[in-house]
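Have a look at the structure below before the remarks.
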Amino acid sequence: MSGGSRRSWRAMTGALGAIAPPGDALDLPAAEIVQALNAHQVVAFRNQSLDPAELVAFASRLGELDVYPLAEPLPESPFVVAVLKNPEDTSNFGGAWHTDTSYVREPPKFTVLYAVEIPGSGGDTLFADMYQAFAGLSPGLQRCLERVQAVYTADLVHAGSGEYTAVAGQSVPAKESERATTVEHPVVRVHPETGRKALYTSLIHTERFVGMTREESLPLLEYLQSVSVAAENCTRLHWQAGTLAIWDNRCVQHYPLNDYPGERRLMHRVIVRGEEPVGVEPL
C-alpha cells in the first residue's frame, strides 16, 4: 500500500478486498482508509470494539453521514440501523445481490457494517467487482450500455407487491420514506475518484431501462446480473464478532448469505452520503 503507511494491508482471497493492518480502526488515518477503498473496493478490520456512538464517530471520518430512508434507526442514533435476523426468521435483510440504496438521487458512497452478533456458522457476505463486471462485457455491449439510463426503485423490495419483498427481512423495522425512492441513473457510472467505469445495475433495484418496458428490460438485466457475480469477480468475507467492514457502493455489489437457520445475526450499519452518479457520456 502506497502513501507512507508503515503497516501493510493484506489482500482477501478473490477478486477484491483487503484486510486492514492490526490495531484500532479509529487510529488509522481516514485518508489511508479511503486510499485502500479506492485500491481494493472493500476493506475489513478485525477485532474491533465499537458501540453505536463510536461506530458513528468512525464512519463520519469518511464523509457526511446519511439517514437510511426505509428502516427505523436505533433510538439513540439516527444514523445506525440494526440489521437483525432472529432465529425464527426465514429471510434476511438485503438477502440478494445489490448495491445499497441506488434508488435515491445521491446514493451512499460507502457502507460501514459492524458485526455485533454472529451465528455459529454461516452468515458470510459475498462481494462482486463491478469494474471487472463491466470490463468483461463485449465492446459492443459496453458502448450500448454507456449510452443508457435506467429506472431505479425501492418498490421492487419495499412495496407490498414488489417482486423481492423478502429482501426487506423480517426483523428490521420499516418506515415510510420522506424522500423520492425512484430515480434515473446511468447504467454505467464513472467513479469520481478513480475515473474507472463500473456497471451499476441490480435485479432488486433496477426496474427497467429508460424508454423500455420492464418485460423488455428484464432479459438483459438478468444477463448482466449473472455475469457480474460470476465467481471470478467475487470475494467472500467471513465475519467474526468485532469485524468492521467498509465497501464502496459505486463499484461493488454485495450479497449477505442466508445460510444460518435458527440462529441470530446482528449487525450495525451506517451509510456515508455519496454523489449523484455520473455516466460515461452526456445523455
#### Entry: Shortest non-hydrogen contact from T235 toward L16
OG1-O, 2.7 Å

### Message
E275 and salt bridge (charged side-chain N to carboxylate O under 4.0 Å, His left out): which single residue from R105, K109, R189 fits?
### Response
R189

### Steps toward side-chain contact (heavy atoms from CB on, under 4.5 Å) verdict (L62, V34)
CA-CA 7 Å; L62 303 176; V34 172; 4.2 Å; yes

### Message
Which heavy atom of A128 sits nearest to which heavy atom of V229, and what is that distance?
### Response
CB-CG1, 4.1 Å

### Task
Hey, could you give me each pair passing ring-ring contact (aromatic ring centres under 6.0 Å, His included) that has a residue in residues 95-116? Not counting sequence neighbours.
W97-Y255, H98-H205, H98-H254, Y103-H205

### Task
Say whether, by atom type as modelled, one donor and one acceptor occur between the side chain of H238 and the main chain of T125 under 3.5 angstrom.
no

### Query
Would a 4.5 Å heavy-atom cut-off, applied to side chains only, mark V210 and V148 as touching?
no

Show me the donor-acceptor pairs within less than 3.5 Å that the side chains of residues 132-139 make with the rest of the protein, sequence neighbours left out.
residue : atom : partner : partner atom : Å
Q132    : NE2  : E232    : O            : 2.8
Q132    : NE2  : N233    : OD1          : 2.9
S138    : OG   : L141    : N            : 3.2

### Message
Has N47 got a side-chain atom pairing as donor or acceptor with P22's backbone, closer than 3.5 angstrom?
### Response
no

### Message
How long is the straight-line distance from OH of Y200 back to CD of Q149, given to the nearest 0.5 Å?
### Response
12.5 Å

### Query
Tell me, do L224 and L199 make a side-chain contact under 4.5 Å, heavy atoms counted?
yes

### Query
If you measure only the distance, is there a donor-acceptor pair under 3.5 Å linking the side chains of D129 and Q41?
yes

### Query
If you round to the nearest 0.5 Å, how far is CG of L221 from CZ of R208?
11.0 Å

### side-chain contact (heavy atoms from CB on, under 4.5 Å) assessment of I246 paired with F45
CA-CA 9 Å; I246 308 103; F45 295 80; 3.7 Å; yes

### Task
Start with the C-alpha distance between S60 and L65, add both sets of side-chain angles, then the distance that settles side-chain contact (heavy atoms from CB on, under 4.5 Å), and finish with yes or no.
CA-CA 6 Å; S60 65; L65 302 189; 4.2 Å; yes

### Message
Please find the pair of heavy atoms, one from S202 and one from Q225, that lie closest to each other, and give the distance.
### Response
CA-OE1, 3.2 Å

### Query
For T194 and N38, does a side-chain donor sit closer than 3.5 Å to a side-chain acceptor?
no

#### Entry: Q170 side chain to T90 backbone, donor-acceptor under 3.5 Å
yes

### Message
Grouping I, L, V, M, F, W and Y whenever their side-chain heavy atoms are under 4.5 Å apart, do F58 and V116 come out in a common cluster?
### Response
yes

### Message
To the nearest 0.5 Å, what is the distance between CG on L50 and CG on L26?
### Response
6.0 Å

### Stepwise side chain to side chain donor-acceptor pair (under 3.5 Å) check, Q48 with T243
CA-CA 6 Å; Q48 303 300 300; T243 296; over 6 Å; no

### Query
Any luck finding a side-chain donor-acceptor pair between T99 and Q253 under 3.5 Å?
no

Distance-only criterion, 3.5 Å: show the donor-acceptor pairs between side-chain atoms of residues 162-169 and protein atoms not counting sequence neighbours.
residue : atom : partner : partner atom : Å
E163    : OE1  : R214    : NH2          : 3.0
E163    : OE2  : R214    : NE           : 3.4
E163    : OE2  : R214    : NH2          : 3.3

### Task
Count the heavy atoms of every other residue, nucleotide or ligand shown that sit under 6.0 Å from CD of E88, and state whether that count exceeds 12.
yes

### Query
Under 3.5 Å, side chain of S217 to main-chain N/O of F209, donor-acceptor pair present?
yes

### Backbone N/O of R250 and side chain of D248: donor-acceptor pair under 3.5 Å
yes

### Task
Any chance you could measure Y223, atom OH, to S228, atom OG, to the nearest 0.5 Å?
9.5 Å

### Query
Per the side-chain contact (heavy atoms from CB on, under 4.5 Å) rule, which among R269, M267, K85, R265 passes with F93?
R269

### Query
With a 4.0 Å cut-off, would you call D27 and R61 a salt bridge?
no

### Message
Can you confirm whether V56 sits close enough to V80 that some side-chain heavy atom of one is under 4.5 Å from a side-chain heavy atom of the other?
### Response
yes

### Query
Any side-chain donor-acceptor pair under 3.5 Å between H268 and D51?
no

### Task
Take I19 and M12, measure what side-chain contact (heavy atoms from CB on, under 4.5 Å) needs, and give me the verdict at the end.
CA-CA 6 Å; I19 302 296; M12 295 182 191; 3.8 Å; yes

### Query
What pair of heavy atoms forms the shortest contact from S91 to N258, and how long is it?
CA-ND2, 3.8 Å

### Task
Taking the side chain as every heavy atom from C-beta outward, state whether D124 and D259 have any pair of such atoms under 4.5 Å apart.
no

### Query
Going from CG on L244 to CG on L55, what distance comes out if it is rounded to the nearest 0.5 angstrom?
6.5 Å

### Query
Above 12 or not: heavy atoms from other molecules or residues under 6.0 Å from CD of E176?
no

### Task
May I ask you to test the V252-N249 pair for a side-chain heavy-atom distance under 4.5 Å?
no

### Query
Under a 4.5 Å cut-off applied to non-hydrogen side-chain atoms, are V270 and D66 in contact?
no

### Query
Between T206 and T201, does any side-chain donor sit less than 3.5 Å from a side-chain acceptor?
no

### Query
How long is the gap from CH2 on W247 to CG on L113, to the nearest 0.5 Å?
4.5 Å

### Task
Ignoring hydrogens and angles, tell me if any N or O in the side chain of E32 forms a donor-acceptor pair with the backbone of P29 under 3.5 Å.
no

### P107 backbone acceptor or donor facing T101 side chain under 3.5 Å
no

### Query
Same hydrophobic cluster for Y131 and V42, using side-chain heavy-atom links shorter than 4.5 Å among ILVMFWY?
no

### Message
How close do D89 and L84 get, counting heavy atoms only, and between which atoms?
### Response
OD2-O, 4.4 Å

### Query
Do side-chain atoms of T181 reach the backbone of A154 as a donor and acceptor pair under 3.5 angstrom?
no

### Message
When you compare the side chain of R236 with that of F127, does any pair of heavy atoms fall below 4.5 Å?
### Response
no

#### Entry: Side chain proximity check, E263 to P87, heavy atoms < 4.5 angstrom
no

### Message
With clusters defined by side-chain heavy atoms of hydrophobic residues (ILVMFWY) lying less than 4.5 Å apart, directly or transitively, does L203 cluster with V151?
### Response
no

### Query
Linking I/L/V/M/F/W/Y whenever their side-chain heavy atoms sit closer than 4.5 Å, directly or via other members, would V278 and V280 fall into one cluster?
no

### Summary
All heavy atoms of G279 vs all of P186, minimum pair found to be N-CG, 3.5 Å

### Query
Would you say L220 and V188 are hydrophobically clustered, going by side-chain heavy atoms of ILVMFWY under 4.5 Å?
yes

